[in-house]
Every structure is written in C-alpha cells, then in structure tokens.
Colleague: 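First, the structure itself, so that you have it in front of you.
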Amino acid sequence: MTRRSFRSRSPQGFGHSSGNPQGPGATPPRPPRFRRYRQSLAIIAGVGLVGMAGAGVLGWTTYAKLVADLPSVDSLRAYQPPTVSRIYAADDRLMAELANERRIFVPINAIPERVKNAFIATEDHNFYTHGGVDFMAIGRAGLTDIFARHGRRPLGASTITQQVAKVMLLNSNVVSLDRKIKEALLAMKMEQVLSKDKILEIYLNGIYLGNGAYGVAAAAQSYFNKPLDQLDDAEAASLAALPKSPTNYNPFLHPQAAMGRRNLVLDLMVEAGVLTREQADQEKQEPLVPQQKQRFGPLPDSEWFGEEVRRQLIAQYGQDRAAQGGLEVHTSLDQNLQTTETRLLHEGLMNYDRAHSGWRGPLRNLSDIQDDGWESALDHVTPPGGMLREWRLAVVLPGGTHVGWIEEGSPRKGALLATDISWARRAHPLRAGDVIMIEPQEGGSAALRQIPQVEGAAVTLDVHTGRVLAMVGGWSFHESQFNRATQALRQPGSSFKPFVYLAAMEQGISPSERFDDSPISYGDWHPQNYEHDNWGPTTLHDALRESRNLVTIRVAAHLGMKAVADTAIRAGLVAEMPHVLPAALGAVETTVMREAAAYATIANGGHIVTPTLVDDIQDRAGSVLWQAGGLKLGTAMQASPSEQPAPTDGSPQNGTPTDGTMPPAAPTPAPVTPVPGSVSVPSLTDTRPTLASEQSTFQIVKMMQDVIARGTGRMAGVGIDRPIAGKTGTSQDFHDAWFAGFSPDIVTVVWVGFDTPQTLGRNSDGGRIAGPIWNKIMKVALASRPKLDFRVPDGITLASYDTGRISAVDGFKTDQVPGASVELHGFGAGTEALTAADTGADSVISDSESGMAQMPDQPGNGTPGTGSSAAPGQAQKPAPSDGDIGVGGLY
C-alpha cells in the first residue's frame with residue numbers, strides 16, 4: 001500500500017480517527033525506521049562521550065601517576081658528577097688517582113666550541129631551539145620506523161636534554177612507553193629550570209664514551225692522550241661519534257668503523273654550518289691514530305705511600321667520596337728521597353740475603369734451549385710479583401755462563417758475572433734452560449738476582465712538623481701490599497731505651513749518674529748484657545752509648561715502670577705497655593712509623609709529633625676541607641734589637657716535675673703592649689703538647705750523639721760529617737734489627753726482619769744490619785740540606801767530664817753538677833719498693849729471692865722484675881733464649 005492510500009477520500013468528518021487527527025498542512029507521521037536511526041545515533045554518541053570521558057580520566061590518572069613518580073630536577077641545579085680524586089707529591093707532581101669511574105669535570109666555558117659543536121650536530125642539532133622535546137625529530141623517526149626499519153630497533157629521537165634526564169634522573173635504559181613519557185616530561189621541566197649551557201655541561205661531563213672514560217675530558221685523554229683544548233676538529237668528531245655505540249666505534253677495537261662514523265659526524269657538522277665542506281674534507285684525510293693513556297698509577301716507588309693515603313682518605317671520607325669526590329690531596333712525599341730510600345733498602349736486603357743464604361735456584365727450566373730461538377719460550381714465562389722493574393727474566397744458554405733476555409722487544413745476550421756463577425754453583429749449579437732473574441749491567445754483562453726472603457721497612461720524616469717525606473713498607477708492593485712501616489707490630493729492642501733514660505732526665509737524674517752494672521736474677525730470669533760482662537758502677541752516658549741492659553733495668557726499677565710506660569705511651573711509641581721490667585729493654589710492640597714519630601719528639605725539643613702524610617685536602621672547588629695542625633703561622637710585634645728590654649731573671653725556671661708525670665702546659669702570656677718602634681715579624685706558634693722539657697730532651701740527644709760517634713751505632717755514622725744522633729735496636733734472639741736516628745731536622749728509622757719472626761743470625765744486630773742502610777739513606781737526605789747543629793736550650797750547661805771509660809761532653813741542668821754522681825735512695829717519684837706483682841714476676845720469683853727488694857741502698861739500686869709483653873698485667877715465664885740475655889733488647 002502506498003502512502004497515498006492512507007489519505008481519506010470521504011467527505012469531511014468521515015473516516016477521521018480521533019487518535020490521529022489531521023488537517024490541512026499537518027506533518028505526516030515518521031515511520032519506525034527513522035526512530036531506529038535516531039536511537040542508534042544517540043547510543044553511539046552516548047558511548048562516545050562516556051568513552052572520551054573515561055579516556056580523559058584514565059589519561060589524567062596516568063599522567064598524575066607518572067608526574068608523581070618523577071624525580072626532582074632541582075638536584076641538577078648544583079649537579080656535581082663523580083670525579084677522580086688526585087693525590088699530589090710535595091712538588092705538586094701527580095702521584096696517584098683514585099676513581100671508580102674515570103671522569104674529569106670541565107665547566108662549560110672551558111669546553112672548546114669545536115667539541116660542543118660536534119656533539120650538538122650529531123646528537124641534537126636543534127638543541128638551542130627546542131623546549132626539551134623535538135617533535136619534528138620524533139615525527140621523522142616515527143615515519144622511518146614504520147616504513148624503513150623493518151623490525152629493527154626503533155630509531156631514536158631523544159634530545160640531549162632527554163638523554164640527561166634518562167641518565168641523571170631516571171638512570172634506566174629500559175625501552176618502554178612509560179619511560180619515554182617520563183623522559184619527555186622531565187626534559188620539558190628541565191628546560192624551565194636550567195639554562196641550555198648547564199644542560200650541555202651536565203651532558204658533556206656525564207656521558208659514557210667507552211674505554212672507561214666518562215665525559216669528554218677523560219675521553220680526550222683516554223683516546224688521544226690530550227687535554228680538551230688541544231683536540232682538532234677530526235678528533236672532536238671522533239669523540240662525538242662514540243655516544244651512539246661506545247664499543248662498536250671504539251677506535252682501538254674497530255678503527256674502520258670508528259673512522260666511518262667520524263667522517264659522518266664531520267658531514268653533520270657541515271650541515272649544521274659549523275664547518276665548511278672544504279674543512280670537513282681536509283679533516284677526513286687525517287688518519288685516526290688513537291694513543292692509549294693508561295689509567296694513572298702511583299709514581300714509581302711511591303705505591304706504599306699512595307696506598308696509605310688512600311686508606312686514610314677512605315677512613316675519613318668513606319669509599320664513595322674518596323674515589324668519586326674530586327678531592328685534591330696534597331701530600332708531603334719527597335719523590336726523589338722516596339726513590340732513593342726504596343733503592344737503598346732493596347740493596348740492604350739483597351746484601352743480607354746474599355751473605356746469609358745461598359742461591360735458591362731458578363724459577364723453572366725450559367727444555368731444548370739453544371743459542372738461538374729461545375725468545376718465544378722465554379716470552380711465555382710470567383715474572384714473579386716481587387721482581388723489581390729494573391730486573392729481567394733471562395734464560396741460561398748452553399755452557400752455563402751466558403744468558404739471553406728480552407729488552408724492549410729485542411733479544412739480548414750477555415755473560416753472567418763470574419762471582420754470581422760461583423755463588424750459584426755452591427748450591428744449585430746453573431744449567432741450560434734455567435729461567436733466572438738478572439739485572440743488566442754496563443758493558444753488556446748480567447748480574448744474577450733473587451728475591452730476598454728477609455723483609456724491611458724505612459720511614460723518613462721532618463722532626464719539627466711530622467711530615468712524612470718517604471716511606472717504604474717492604475721489598476715489593478706488588479708482591480705484598482702489607483705495609484711493614486705502619487702495620488707490622490715488632491719489638492723495638494734497645495731502641496726503646498732512650499725513653500727510659502728520658503724519664504730519668506725528667507726526674508732530675510743527670511747523664512753522669514752512676515748505676516750498678518752487675519748481675520741480677522729473678523727466678524728463672526737472668527738478664528745479661530750483650531757482651532756477657534759487667535762494668536760495675538756505670539754512668540748513664542756510657543750505659544746508653546754501649547746499650548747496657550743491666551743498667552737500664554736498674555734505672556727503670558728506680559723510676560718505677562709506670563713513669564717509663566707513661567713516657568713511652570705519651571710519645572706515641574706504644575699504645576699500651578705492661579709495667580714489667582723486661583718492657584724497659586724493648587719487650588713491647590711498635591711500628592716503624594710510631595718509632596719515627598717518637599724519636600722526632602726527642603729531636604725537636606719535646607713537642608709530641610703526630611706523623612702526617614697529607615698536608616691538606618681540597619674539594620673540587622678549591623675549598624680546604626682538612627689541613628694538618630699543630631703549628632700555626634702568624635705575626636707578632638717585635639721591638640728592634642736596640643729597644644728590646646733586658647731579661648728580668650737570668651736563671652730560667654726549670655719547673656720540671658719529679659714524679660714522672662707530664663710537665664704542665666706553659667701558661668699563656670698576658671698580652672703585652674708593643675713598645676714604640678716595634679715591627680711585625682712572622683711568628684710560629686706550636687700548639688702541640690709536650691712530652692718532656694727541652695732541657696731533658698737535649699740531654700738525651702747529646703748522649704745519643706755519642707752512640708753513633710763512639711758506641712753501638714758507629715757503623716751508622718761512617719762518612720757523615722753532620723751532627724747526628726741515634727740508637728741501635730735488636731730484639732730477643734736477633735728477630736728484629738733496628739736503627740733509629742736523626743739530625744736536627746729529619747729522622748729516619750730502618751727495620752729489618754722476617755715476616756714470620758725468626759732469627760736473623762748470630763750477631764745480626766741493629767748496628768750491623770740496619771745501621772748501614774740508615775747511613776746511606778741519611779747521606780742522601782742530608783746532602784741537600786744546610787748543615788745544622790742541635791740547639792742548646794736555655795738552662796743547659798755543656799761540660800766535659802771523665803765517665804771512667806771515655807771523656808764525654810753532656811748537657812747539665814742548672815741544679816746539676818757536671819760529672820757528679822749522687823747517691824739515690826728509694827725507688828723514685830715517692831713510690832714504695834716495687835714488688836713481684838708490679839714487675840710481673842709473681843710466677844717466677846722464689847721466696848728466697850724476694851728479699852732482693854730489700855738490698856742495701858746503692859747508687860741506682862732498684863728492684864728488677866720479669867714478665868712478658870704479651871698482655872699487660874699478665875705474668876708469664878719467658879722462654880729461654882740463646883745466651884740467656886733476657887726478654888727485650890740486646891744491643
């Protein structure tokens with residue numbers, strides 16, 4: 001039925017339905033199909049609106065979550081990348097570097113324009129125009145990824161700002177949409193708070209460029225051994241080629257790929273307008289010849305020193321700041337003296353080894369060795385860790401008298417010294433094919449060498465400041481990093497005795513005082529002198545000069561071991577000390593460094609010395625973080641000589657306590673108004689505490705001068721025409737040989753012994769073993785210094801007198817009679833007689849011998865005792881020893 005059929009043809013009123021009235025001009029009713037269209041559109045629109053709202057909510061929620069997780073960019077305002085800490089010698093030569101990552105920070109204004117241009121042209125040519133994200137680059141990369149990449153890794157479009165955000169803030173290389181969004185958001189935020197130059201500075205100093213180098217400055221050194229300002233355009237382009245793949249474009253590993261990438265960077269620089277085509281073509285002709293720069297290690301022979309500084313830095317600042325804080329550490333190392341001290345200690349240890357042990361044989365034997373063709377076989381032999389750098393591995397050629405070795409890549413041949421062949425023949429005759437160590441000699445010959453089994457250590461420091469000038473911790477740092485100068489606790493033997501005598505000087509006893517040198521016993525302890533003889537009444541001067549054990553024991557007993565222990569502890573020689581008499585003979589433990597500082601305290605007039613290896617530490621900005629203290633340089637007003645007032649009292653006040661305690665600190669003088677005409681002069685203030693008076697320490701110095709001139713240390717003084725003083729030290733059974741001595745401005749201590757204590761051999765005392773090494777070191781150390789004499793302090797009178805054995809010159813205080821010996825009663829310092837418990841002799845003193853404490857008073861008579869230094873207060877019977885010398889010092 002058509003639409004027309006619905007219209008009524010009846011008369012008006014007929015056929016009209018009241019439910020559907022129609023009249024002229026009325027709109028015809030819509031059919032059902034239109035309603036369905038309308039409903040569908042409404043549903044679609046509603047769903048769309050709901051979807052858009054949901055997407056908006058989801059997008060906002062995701063954005064809010066991403067923004068909430070973003071790190072703050074404020075940390076980049078004062079960004080300081082981890083950088084190398086440098087250690088310098090006293091002459092400002094770079095001694096060593098500490099770093100987890102090799103990175104050298106360079107401010108943006110110090111980075112050459114060609115370097116900046118190369119990186120910007122390659123990595124982000126719109127860097128100075130975009131707002132953190134380069135949307136045009138993203139679009140190009142997206143089209144390329146869709147139509148040209150064919151499943152390969154997506155082409156990146158990250159700006160330099162985004163790379164900084166990724167590395168410095170996100171610290172992630174994960175390829176994900178979340179990370180890219182965060183990266184973009186951070187990049188835009190960074191552009192709002194940081195300048196373009198600051199962002200570029202962070203990027204160029206923080207980017208990893210392979211070969212262990214972080215940042216452009218470190219990379220310039222690693223690849224071209226040049227500072228940044230010496231790079232040309234081709235070398236700058238080579239560095240800018242690396243961020244894409246530091247390994248694949250490493251010029252050491254892949255020179256062809258590196259050159260191709262470099263040339264591409266030069267083309268990009270032309271497109272960016274920073275190079276002309278002619279310049280780029282000319283730079284492309286430059287060969288890519290990288291020059292490897294190894295990570296800077298310690299200066300030769302300074303490894304012990306540098307390692308000790310590293311330990312101290314880590315202890316003070318922690319591992320991270322010590323290795324990444326960019327610290328500038330200035331040390332006291334005298335590199336020339338350090339090298340000399342190392343060489344002379346090596347010579348001394350080799351001389352001892354050669355004299356006390358035979359040739360121990362070759363490292364190995366190579367079969368079928370002929371006069372020619374041995375180079376390849378020798379080249380495959382690994383040298384031992386203790387082999388010195390001037391030595392060479394060599395192979396014995398047929399006939400057993402000639403050797404071959406490799407020198408700078410070329411084969412060499414030479415004859416062994418005849419004395420070396422004879423030395424080896426006695427124990428292990430040389431055979432063809434033996435791999436040995438030799439040291440090439442002038443004239444083409446070779447000296448046979450072997451690594452000594454004995455060890456040693458040496459320290460030289462300034463007596464006034466405590467600055468360590470040189471330190472050798474053993475035979476070879478590469479063989480063992482254990483520092484025998486600072487870490488090895490050994491018995492000092494008789495080198496401890498000056499501190500016993502210093503305690504006596506502090507209690508007013510003079511150098512000419514006589515103590516009895518006669519046998520004493522406690523139970524099974526029968527101490528004796530090194531020479532197994534007795535001198536009877538003996539002056540302290542002679543007793544120290546010839547290291548008489550029995551006199552030292554009686555002096556210590558007279559003073560009381562508490563006074564002796566306090567002196568040694570305050571001097572820093574020991575950390576703790578048992579109050580037993582064997583300790584007075586050196587039956588305690590100390591280190592070479594401790595002994596050097598303690599001897600410096602005597603040499604400088606009594607001011608306690610703390611040894612320092614570091615003068616000052618600066619941060620990367622040059623601010624001083626730490627500086628050695630003790631001495632302060634200032635100015636003072638001083639009247640001209642003609643206007644200076646005369647002293648009011650010509651007799652200085654002694655003020656030295658008699659109870660063995662520390663002298664009171666000098667009172668601070670009241671401010672004095674400068675007299676008219678006064679001028680400003682430099683003034684050095686010593687704020688360190690004192691161990692003893694200047695007068696007492698000078699008395700010890702004079703006595704120790706005679707130890708070298710006419711005593712046990714004669715071998716240490718041969719050929720030295722300067723005022724020097726010192727003392728030998730030999731521990732029980734010749735386990736340790738020491739010589740400690742000083743001039744008015746430097747002190748050196750030498751120790752020789754085995755890591756696992758064993759005898760050095762009969763008569764291997766400190767004077768014979770350590771003394772000659774000390775002598776050679778001091779000759780070199782003193783050669784460049786002015787000739788000085790020990791200053792005689794006020795209140796001291798120099799006088800010559802007869803000791804009964806020699807004519808001696810000593811210093812005497814104002815209340816002492818030169819050369820006189822007075823009768824001393826009791827046990828000094830107002831204490832009661834020592835008992836077996838005080839001396840640690842409880843377990844070894846029999847009842848019949850305990851009466852020795854009540855012997856009639858004689859000059860210097862005291863109560864001897866015995867014990868062990870193993871633990872304070874712990875009585876222990878000492879093991880019997882050869883010659884029954886007694887625990888402690890020998891000579």
Side-chain angles (χ1 to χ4, degrees), residues 102-104 106 108-130 134 136-137 140-141 144 148-149 152-153 155-160 163 196-197 200-201 203-294:
R102 177 159 179 77
R103 189 194 311 264
I104 302 173
V106 182
I108 190 64
N109 56 7
I111 299 177
E113 289 297 322
R114 59 166 50 95
V115 175
K116 292 188 281 189
N117 291 336
F119 278 86
I120 291 173
T122 307
E123 294 295 311
D124 186 3
H125 66 277
N126 292 326
F127 173 69
Y128 280 105
T129 58
H130 63 64
D134 192 341
M136 292 294 293
R140 288 195 303 270
T144 303
R149 300 293 288 178
R152 289 183 291 172
R153 182 183 175 90
L155 188 66
S158 294
T159 63
I160 285 177
Q163 293 183 54
K196 287 285 188 179
D197 281 348
L200 187 59
E201 178 184 81
Y203 173 76
L204 292 177
N205 281 287
I207 188 171
Y208 179 63
L209 296 174
N211 212 40
Y214 289 80
V216 291
Q221 289 190 0
S222 293
Y223 291 109
F224 301 108
N225 198 15
K226 291 182 178 180
L228 274 177
D229 57 1
Q230 294 183 15
L231 297 180
D232 58 26
D233 287 314
E235 291 166 339
S238 296
L239 297 186
L242 292 166
K244 182 177 179 64
S245 179
T247 300
N248 293 332
Y249 297 116
N250 185 319
F252 294 112
L253 303 177
H254 308 287
Q256 294 302 319
M259 180 173 286
R261 177 71 179 169
R262 180 201 71 177
N263 293 343
L264 175 60
V265 172
L266 290 170
D267 290 337
L268 293 174
M269 294 174 71
V270 173
E271 293 179 14
V274 296
L275 275 185
T276 65
R277 174 52 61 186
E278 291 75 14
Q279 288 174 322
D281 290 341
Q282 182 177 355
E283 295 293 337
K284 288 181 180 179
Q285 302 305 313
E286 181 179 312
L288 182 60
V289 185
Q291 297 184 23
Q292 180 80 42
K293 178 177 176 61
Q294 299 292 337

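Numbers for residues simply follow the sequence, beginning at 1.
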Colleague: Just jot down the side chain to side chain contact (heavy atoms under 4.5 Å, CB included) partners of Gln282, sequence neighbours excluded, or say none.
Modeller: none

Colleague: Please list every donor-acceptor pair under 3.5 Å in which a side-chain atom of residues 246-254 meets a protein atom from a residue at least two apart or in another chain.
Modeller:
unit_1 : atom_1 : unit_2 : atom_2 : d
Asn248 : ND2    : Ser245 : OG     : 2.9
Asn250 : OD1    : Phe252 : N      : 2.8

Colleague: Give, for atom NZ of Lys196 and atom NE2 of His130, the distance between the pair rounded to the nearest 0.5 Å.
Modeller: 4.5 Å

Colleague: Any idea which heavy atoms bring Asp197 and Ile108 closest together, and the distance?
Modeller: O-CG1, 3.8 Å

Colleague: Taking salt bridge (charged side-chain N to carboxylate O under 4.0 Å, His left out) as the test, write out the residues that go with Glu113, two or more places apart.
Modeller: Lys116

Colleague: Asn117: which residues meet the side-chain hydrogen bond (donor to acceptor under 3.5 Å, both in side chains) condition with it, sequence neighbours left out?
Modeller: none

Colleague: Just to verify, what does Asn263 make a side-chain hydrogen bond (donor to acceptor under 3.5 Å, both in side chains) with, not counting sequence neighbours?
Modeller: none

Colleague: Nearest 0.5 Å please: distance from the CG atom of Asp233 over to the CE atom of Met269.
Modeller: 5.0 Å

Colleague: Phe224 and Val289: which non-hydrogen atoms are nearest, and at how many Å?
Modeller: CD2-O, 4.4 Å

Colleague: Can you name the residues that form a side-chain hydrogen bond (donor to acceptor under 3.5 Å, both in side chains) with Glu123, not counting sequence neighbours?
Modeller: Gln163

Colleague: Can you list everything that forms a salt bridge (charged side-chain N to carboxylate O under 4.0 Å, His left out) with Asp124? Sequence neighbours excluded, please.
Modeller: none

Colleague: Among residues at least two apart in sequence or on other chains, which ones pass ring pair (Phe, Tyr, Trp, His ring centres under 6.0 Å) with Phe127?
Modeller: none

Colleague: Do the side chains of Leu242 and Asn211 get nearer than 4.5 Å, heavy atoms only?
Modeller: no

Colleague: Looking at Val106, is its backbone amide N or carbonyl O close enough to the side chain of Asn205 to form a donor-acceptor pair, meaning the two atoms are under 3.5 Å apart?
Modeller: yes

Colleague: Can you name the residues that form a salt bridge (charged side-chain N to carboxylate O under 4.0 Å, His left out) with Arg261, not counting sequence neighbours?
Modeller: none

Colleague: Can you sort out the partners of Ala234 under side chain to side chain contact (heavy atoms under 4.5 Å, CB included), two or more places apart, ordered by chain and number?
Modeller: Asp232, Arg262, Glu283, Glu286

Colleague: How far does CG of Leu228 sit from CZ of Arg114, to the nearest 0.5 angstrom?
Modeller: 11.0 Å

Colleague: Looking at every heavy atom in both Gly215 and Leu209, which two are closest together, and how far apart are they?
Modeller: O-CD1, 3.8 Å

Colleague: Just how far is it from atom CG of Leu275 to atom CG of Leu266, taken to the nearest 0.5 Å?
Modeller: 6.5 Å

Colleague: Considering non-hydrogen atoms only, spot the tightest contact between Pro290 and Leu288 and give its length.
Modeller: CD-O, 3.4 Å

Colleague: If you take all heavy atoms of Val265 and Ala118, which pair is closest and at what distance?
Modeller: CG1-O, 4.2 Å

Colleague: Using the side chain to side chain donor-acceptor pair (under 3.5 Å) rule, collect all pairs that involve residues 264-278, keeping only residues at least two apart or in two chains.
Modeller: Asp267-Arg277, Asp267-Lys284, Thr276-Gln279

Colleague: Which residues satisfy the ring pair (Phe, Tyr, Trp, His ring centres under 6.0 Å) test with Phe119, sequence neighbours excluded?
Modeller: none

Colleague: Measure the CG-CD1 distance between Leu268 and Ile120 for me, rounded to the nearest 0.5 Å.
Modeller: 13.0 Å

Colleague: Would you name the heavy atoms of Pro243 and Ala240 that are closest together and state the gap between them?
Modeller: CD-O, 3.2 Å

